[in-house]
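Written below as structure tokens is the structure these notes are about.
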Amino acid sequence: MAKKSNLPLYLIGMVLVVIGCFLPLTASKFFGGGTSAFNAITDGSGDLKIGSILALGGAIAGIVFCFVTLKAKLPVKLISLIVSIAGGIYVLLNYLNLAPWAKGIVKFAHKATGTGIGIGLIVIVIGWLIALCGWLKTRD
């Protein structure tokens, strides 16, 4: 029989989102050269800073809500995940200057900036997917 894990999937996913915010989101090489969401918070412009704060803050709030329970029956973990994803989409739309979705986001980003997707963006998206699966599994 398999052992049951003590760490829920939601917590693992949100921790991955926080880790991904400190890794390069875009880079000329896979592991280096790009800026992270944390750099965007400290040195970025207004719109980029707001989106990065939402993405990172939502992930941190989701981690906190794994250990804190509220008396209100609100799906706070889902709300935290939605805020984090909304912040990421807001950063993406500002980064791409509201590019048309039909032409392919990855191709347009590579042409517009000369850089590709960094490891941080991959880790963040994987974290969001794991957190969503974890929330769907437990629904709390």
Side-chain angles (χ1 to χ4, degrees):
M1 277 178 92
K3 268 187 162 180
K4 190 170 182 173
S5 175
N6 291 337
L7 285 176
L9 284 177
Y10 180 85
L11 178 63
I12 294 169
M14 289 307 224
V15 167
L16 284 175
V17 172
V18 171
I19 291 170
C21 286
F22 289 95
L23 297 173
L25 299 177
T26 59
S28 55
K29 295 181 182 170
F30 189 66
F31 280 107
T35 61
S36 66
F38 187 74
N39 287 344
I41 291 171
T42 57
D43 300 331
S45 65
D47 291 337
L48 188 61
K49 190 179 288 193
I50 290 170
S52 299
I53 288 172
L54 285 174
L56 183 61
I60 291 172
I63 292 170
V64 169
F65 288 132
C66 285
F67 300 106
V68 175
T69 56
L70 298 177
K71 292 180 184 178
K73 295 291 182 189
L74 291 173
V76 290
K77 290 182 181 178
L78 179 63
I79 293 169
S80 299
L81 179 61
I82 290 170
V83 167
S84 180
I85 292 172
I89 290 172
Y90 189 71
V91 168
L92 181 68
L93 291 176
N94 281 314
Y95 179 71
L96 296 178
N97 296 323
L98 301 171
W101 290 87
K103 297 211 177 204
I105 293 172
V106 176
K107 287 182 181 179
F108 182 78
H110 185 67
K111 288 179 183 177
T113 62
T115 60
I117 294 174
I119 187 72
L121 186 60
I122 294 169
V123 171
I124 289 172
V125 171
I126 290 171
W128 283 337
L129 293 174
I130 291 172
L132 181 62
C133 291
W135 182 83
L136 288 173
K137 183 178 174 185
T138 60
R139 300 270 176 128
D140 58 346

Within the 4.5 Å heavy-atom criterion, are Phe65 and Ile79 side-chain neighbours or not?
no
In Å and rounded to the nearest 0.5 Å, what is the CD1 to CG distance from Ile85 to Leu54?
12.5 Å
Taking all non-hydrogen atoms of both residues into account, name the closest pair between Thr42 and Lys49 and its distance.
O-NZ, 4.3 Å
Separation between CG (Leu16) and CG (Leu129), nearest 0.5 Å, reads 10.5 Å
The criterion is side chain to side chain contact (heavy atoms under 4.5 Å, CB included); which residues satisfy it with Ile19, sequence neighbours excluded?
Val15, Leu23
Nearest heavy-atom approach of Ile41 to Ser52 is CG1-CB, 3.5 Å
Is there a side chain to side chain contact (heavy atoms under 4.5 Å, CB included) between Thr138 and Tyr10 once you walk through the steps?
CA-CA 9 Å; Thr138 60; Tyr10 180 85; 5.7 Å; no
Kindly give the heavy-atom pair with the smallest separation between Trp135 and Pro75, and that separation in Å.
CZ2-CB, 4.5 Å
Give the minimum heavy-atom separation between Ala59 and Val17, together with the two atoms involved.
CB-CG1, 3.5 Å
Do Leu81 and Met14 have side chains that get closer than 4.5 Å, going by heavy atoms?
yes
Looking only at heavy atoms, what is the nearest atom pair of Lys77 and Cys66, with distance?
CE-CA, 3.9 Å
If I compare all heavy atoms of Ile63 with all of Val18, which pair ends up nearest, and what's the gap?
CD1-CG2, 3.8 Å
Sub-4.5 Å side-chain heavy-atom contact between Leu11 and Phe67
yes
Provide the full list of side chain to side chain donor-acceptor pair (under 3.5 Å) pairs with a residue in residues 121-130, sequence neighbours left out, each pair given once.
Ser84-Trp128
